[in-house]
S.K.: 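This is the structure, below, for whatever I ask next.
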Amino acid sequence: MRFIKLLLPLGIIAVTGCANPASITEEKLSTWTNDELCRGFGTYKGDGSLVLKIHAELERRGSRINNERCYALENAVRSEASDFSITPTARPSVQERVFDKEKGKYILQQSGPRAGLDIRMP
C-alpha cells in the first residue's frame, strides 16, 4: 500500500511533465514572417498538426514565399546551424575561353551577367 501511495504522485508528475505545450493557432501563424514560418517547419517537425498549419499558411501567402530560401532555413534549423547565412551574389559579364567543336579551337565568348545566392551552412 505504501508503494502505491508513493507511485501515484510520481506517476502524476511524470504524466504532467510530458504534456504538450499549448498549440499555436492559425491567428498567431498569420503574424509570423515568411522566414519564421520556414524555420517553424524545422522547429516543429515532430508535430504533424502544426506542420500542416504552417504549410496552410505558406500556401495562403502563395508566390510571396521564396521556396529555395524556405528550404534552406528549414534545414538550418533541423541541423541546428548557428552560422547559417544567405547572401545574394552577382557576377558581371566576362569573356571566357570555350572550346568550339566545329572549329576545333578555343574561342573567346561573352558570358552574360549571373546572379544567385551564396548559402553557407556550417
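Computation of the quantities below employed the complete heavy-atom set of this structure, encompassing side-chain atoms and omitting hydrogens, waters and symmetry-equivalent molecules.
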S.K.: Going by heavy atoms in the side chains, are Glu96 and Gln109 under 4.5 Å from each other?
M.R.: no
S.K.: Suppose clustering is done on Ile, Leu, Val, Met, Phe, Trp and Tyr with side-chain heavy atoms closer than 4.5 Å. Which residues sit in the same group as Leu52?
M.R.: none
S.K.: Which heavy atom of Cys70 sits nearest a heavy atom of Phe41, and at what distance?
M.R.: SG-CD1, 4.5 Å
S.K.: Side chains of Pro113 and Ser93: does their closest heavy-atom pair fall under 4.5 Å?
M.R.: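 They are in side-chain contact.
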S.K.: Can you tell me how far apart CD (Glu74) and CD1 (Ile54) are? Round to the nearest 0.5 Å.
M.R.: 9.5 Å
S.K.: Short question: side chain of Ser111, backbone of Val94 - any donor-acceptor pair under 3.5 Å?
M.R.: yes
S.K.: Not counting sequence neighbours, which residues clear side chain to side chain donor-acceptor pair (under 3.5 Å) with Glu57? List them please.
M.R.: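 Counting only residues at least two positions away or on another chain, Glu57 forms a side chain to side chain donor-acceptor pair (under 3.5 Å) with Arg60, Arg61.
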S.K.: For the residue pair Tyr44 and Ile24, what are the closest heavy atoms and their distance?
M.R.: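 Residues Tyr44 and Ile24, closest heavy atoms: OH-CD1, 3.6 Å.
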S.K.: Decide yes or no for Arg69 and Asp35: does some side-chain heavy atom of the first lie under 4.5 Å from some side-chain heavy atom of the second?
M.R.: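 Yes, side chains in contact.
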S.K.: Indicate the atoms forming the closest heavy-atom contact of Thr31 with Glu36, along with that distance.
M.R.: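 It is O-OE1, 4.5 Å.
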S.K.: Might you point out which heavy atoms bring Ala72 and Ile86 nearest each other, and give the distance in Å?
M.R.: CB-CD1, 4.4 Å
S.K.: Once rounded to the nearest 0.5 Å, what's the spacing between atom CG of Leu117 and atom OG1 of Thr87?
M.R.: 8.5 Å
S.K.: At their closest point, which heavy atom of Val77 faces which heavy atom of Gly42, and how far apart are they?
M.R.: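 Looking at all heavy atoms of both residues, the shortest contact is CG1-C, 3.6 Å.
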S.K.: Sub-3.5 Å donor-acceptor pair from the side chain of Thr89 to the main-chain atoms of Asp118, do we have one?
M.R.: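 No, Thr89 side chain to Asp118 backbone: no donor-acceptor pair under 3.5 Å.
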S.K.: Tyr106: which residues meet the side chain to side chain donor-acceptor pair (under 3.5 Å) condition with it, sequence neighbours left out?
M.R.: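 Tyr106 satisfies side chain to side chain donor-acceptor pair (under 3.5 Å) with no residue once adjacent residues are dropped.
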S.K.: Does the side chain of Asn75 pick up a donor-acceptor pair with the side chain of Tyr71 at under 3.5 Å?
M.R.: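 Present: a donor and an acceptor within the cut-off.
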S.K.: Side chains of Leu108 and Arg97: closer than 4.5 Å at any heavy-atom pair?
M.R.: yes
S.K.: Output the distance between atom CG (Leu58) and atom SG (Cys38), rounded to the nearest 0.5 Å.
M.R.: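 Reported to 0.5 Å precision, the distance equals 5.5 Å.
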